[in-house]
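Have a look at the structure below, then the notes.
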Amino acid sequence: MSDETSPNSPNPGSEAAAPEIWHRVHPLTPILESLGVLVGIFIAAAYGLQNFFQSAVEDLASGRSVNLTFAEWLGAHPLVILAVVGGIILILVLTAFFSWLAWRVMGYRVDAEAIYYRRGLLSKKLRKARLDRVQSIDLQQKLLPRMLGMAELVFDVAGGTDSNISLKYLSKKRAEELRDELLAAVKAKKNASATSATSAEAVSGAAAEHGGTEPHAGTDGAAGAGAARSDAGHHGSLDPGADGAQPSIDRSVPERSADSIGVRLSKRLGVLADDVSHEAERSLNDLLAPYNLSADVGEEGEIIRVPAHRVIVSSLLSTGTLISVGVIIALVVIAVVFLLVGVEEAFLPILIGGLPGIFAAFTAFKKNLDNANFVVRISEDGLAVSHGLFSTSRKVIPLDRLQAVCLHQPLLWRWAGWWRAEYNIASDGGKNDENLLLPVGDIDQALLMVGLALPDPQLPEGLSADGLVRSAMYDRKSTHPDAAAAEELFHAQPRSSRILDPLVWKRRAYALTESLLVLRLGVLDRRVDFVPHVRVQSLRYYQGPLMRSLNLGTVAVHSTAGPITPLVKHQDAEAAKRFFTEHAERTRIARQRFDAAAKTARTRPIETHEEGNG
């Protein structure tokens, strides 16, 4: 540990600064991090053995004797074997020594402002994550660390993946304790920042009201126009601070109509005391009334649990897995045919050629297995998600940062009525991790996750959110009583677009509510995208040469990086231009109202105080 002193002592001459306490990570961390090199060496050795066995099998199949010249040579020179064994032992000893040195310099430190992580023998690295910029802290356990009782903490920091910190590895108990401590510190830090910002804003507003300088009319008009343009292009951030950091759910702001149902529920949970599960269930069912759902809140706020067997079956029915299995079966059949017709030398190479397909199928299958035992719990910070069969991961999905949501149903999932729910999230930095709300679930579970992630659709009288979403999922095949009324909200593609979209032009459509844009897509693989007006980043209208000849246009509704790319595609050109203009204004007004509600909530206590003082 380091005993370096802090340079920020108020009086260095009279009082020594408090020491910086560095904590070491688990001693096996360097070995686990270098495991990839050892695996690479093992694969290279296995490849050499595979070539030897392949040659031996080919020799036996053709009636020749197996070439054992190299083995005989090794038997005649035992010192070579001793040298190889000694070299392996030396490599292991050196690896252990350098791992010990690397572990000595690895460590982390936490203070009131940030968490620090240092590492490196030759190239020193020091990473810092400010607590007021930490978005979430995920606990992950890959297979081998999980077997050894170790865990990794991943800090999602505003600013993209380059800003994130991965703290490897700690004992599971220590990782859980540190995560809880840091979550409490992050919450306290952000609440303090929000309070300071609110007080400063209130004081500034009071000064402007009581004798502050009135802005020049011309300057004010220019600023207003600039703000409008900024709103139209940057609706993704939620009340960013001066440094761009996005705070957690601000409970000083009352529930707003543009808040997702999950955010509104989290605000209610933040003020609950005893009997949280009962109150949470009552609040959840009250908020989900437009979806005609009745959710059960179990222990620790659990609302959804996806069993492992459902994930396994759904992964076997996925398109990628089926294609890989089909290719492997085809190669096996071809190899057997060659063997039967007497071309024995082609049998083994064809089978070996199928190994990449086997590895690809296994990789896709294992990726889906990582979502086994998927559990969703509600908390005052968002949705707490844990999943994994061999490797486990825990994370919190901050619902106030979700920018778009989609439902997806592959063709072979229809028999079971399963759906998959995904999302785009602000400041995610384009991570390759799957943004999953639900890996696979029935219609009620899919509606529950969509309902939590989206604001109230604010539909016309007599039309339920349940009816709208089901109509978007099943189009004219929906049996919901509100299906006919919901279908009237959808704007289908014109008949002229059938040349470009011969299969999907009848299904593809979009609908607008007071708070949402709903996109219905796909025929074989059904898909529905939801984009809240208040989350739209920007819009783009474009027309290709063929679209121009057919008098068609497309509007791209820009969201943050993620699996969802909303497109109002191949509409009549005039209708597309009209949608572009009207939706830009609609999203601007939605964002202004959303921000105004927060500003009003923050300034109201000051105004009340002034009125009370006369």
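Only this structure's heavy atoms are used, side chains among them; waters, hydrogens and symmetry mates stay out.
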For Ser386 and Ser393, indicate whether the former's side chain and the latter's backbone hold a donor-acceptor pair under 3.5 Å.
no

For Leu293 and Asp444, run side-chain contact (heavy atoms from CB on, under 4.5 Å): C-alpha distance rounded to whole Å, both residues' side-chain angles, the deciding distance at 0.1 Å, then the answer.
CA-CA 7 Å; Leu293 291 175; Asp444 287 339; 3.9 Å; yes

Can you measure from CZ (Arg476) to CZ (Arg507) and round to the nearest 0.5 angstrom?
9.5 Å

Does the structure place the NZ or CZ of Arg310 under 6.0 Å from the centre of the six-membered ring of Phe374, at an angle of no more than 45° from the ring's axis?
no

Dump the intermediate steps for side-chain contact (heavy atoms from CB on, under 4.5 Å) on Val306 and Asn371, then the final yes or no.
CA-CA 9 Å; Val306 181; Asn371 297 318; over 6 Å; no

Is the number of heavy atoms from other residues, nucleotides or ligands under 6.0 Å of Arg414 CZ greater than 12?
yes

When you compare the side chains of Gln409 and Arg526, does any donor N or O come within less than 3.5 Å of an acceptor on the partner?
yes

Is the shortest side-chain heavy-atom distance between Leu521 and Val504 below 4.5 Å?
no

If you measure from NZ on Lys172 to CZ on Arg146, what distance do you get to the nearest 0.5 Å?
7.5 Å

Working to the nearest 0.5 angstrom, can you tell me the gap between Ile304 CD1 and Leu437 CG?
9.0 Å

Gln543, CD atom: more than 12 neighbouring heavy atoms under 6.0 Å:
yes

If you compare all heavy atoms of Thr513 against all heavy atoms of Pro457, which two are closest, and at what distance to 0.1 Å?
OG1-O, 2.8 Å

For Asp525 and Pro410, which heavy atoms make the closest approach, and how far apart are they?
OD1-CA, 3.4 Å

From CA spacing to verdict: side-chain contact (heavy atoms from CB on, under 4.5 Å), Val534, Thr587:
CA-CA 6 Å; Val534 76; Thr587 58; over 6 Å; no

Between Met449 and Leu383, is the side-chain contact (heavy atoms from CB on, under 4.5 Å) condition met? List the steps.
CA-CA 10 Å; Met449 299 310 294; Leu383 293 180; 3.6 Å; yes

Taking the side chain as every heavy atom from C-beta outward, state whether Val568 and His491 have any atom pair closer than 4.5 Å.
no

Are the side chain of Glu582 and the backbone N or O of Phe580 linked by a donor-acceptor pair below 3.5 Å?
no

Would you name the heavy atoms of Asp482 and Gly462 that are closest together and state the gap between them?
OD1-O, 3.8 Å

Considering the options Leu448, Leu447, Leu454, which one meets the side-chain contact (heavy atoms from CB on, under 4.5 Å) requirement together with Val450?
Leu454

Side-chain heavy atoms of Val518 within contact of Leu489, under 4.5 Å:
no

I want to check something: taking the side chain as every heavy atom from C-beta on, are Ser497 and Leu550 in contact at a cut-off of under 4.5 Å?
no

Any donor-acceptor pair under 3.5 Å from Asn424 side chain to Thr560 backbone
yes

Under 3.5 Å, side chain of Thr581 to main-chain N/O of Arg578, donor-acceptor pair present?
no

Exercise: identify the closest heavy-atom pair between Leu468 and Ala486:
CA-CB, 3.9 Å

For the residue pair His558 and Ser538, what are the closest heavy atoms and their distance?
ND1-OG, 2.7 Å

Distance check, rounded to the nearest 0.5 Å: Phe490 atom CZ versus Ser471 atom OG?
5.0 Å

Gln571 side chain near Phe579 side chain, heavy-atom distance below 4.5 Å
no

Would you mind reporting whether Pro563 and His408 have side-chain heavy atoms less than 4.5 Å apart?
no

Taken to the nearest 0.5 Å, the spacing of Leu317 CG from Trp415 CH2 works out to 6.5 Å

What I'd like to find out is whether the side chain of Val523 reaches to under 4.5 Å of the side chain of Lys506, using heavy atoms alone.
no

Is a side-chain N or O of Arg179 found less than 3.5 angstrom from the main chain of Ile137, in a donor-acceptor match?
yes

Look at the side chain of Trp505 and the backbone N and O of Leu500, then say whether any donor-acceptor pair between them is shorter than 3.5 Å.
no

Give me the one residue out of Gln592, Arg591, Arg593 that meets side chain to side chain donor-acceptor pair (under 3.5 Å) with Asp595.
Arg591

Nearest-0.5 Å distance that lies between atom CG in Asp572 and atom OG in Ser496
7.0 Å

When you measure from the side chain of Arg394 to the backbone N and O of Leu139, does any donor-acceptor pair fall under 3.5 Å?
no

Would you mind reporting whether Tyr474 and Thr479 have side-chain heavy atoms less than 4.5 Å apart?
no

Is the backbone N or O of Ala484 less than 3.5 Å from a side-chain atom of Glu487, with the two atoms forming a donor-acceptor pair by type?
no

Is the backbone of Arg495 close enough, under 3.5 Å, to the side chain of Arg498 for a donor and an acceptor to pair up by distance?
yes

Exercise: identify the closest heavy-atom pair between Ala472 and Val528
O-CG2, 3.2 Å

Tell me if a side-chain donor or acceptor on Arg508 pairs with a main-chain N or O of Gly522 at a distance below 3.5 Å.
no

Of Val555, Leu512, Val531, which meets side-chain contact (heavy atoms from CB on, under 4.5 Å) against His583?
Leu512

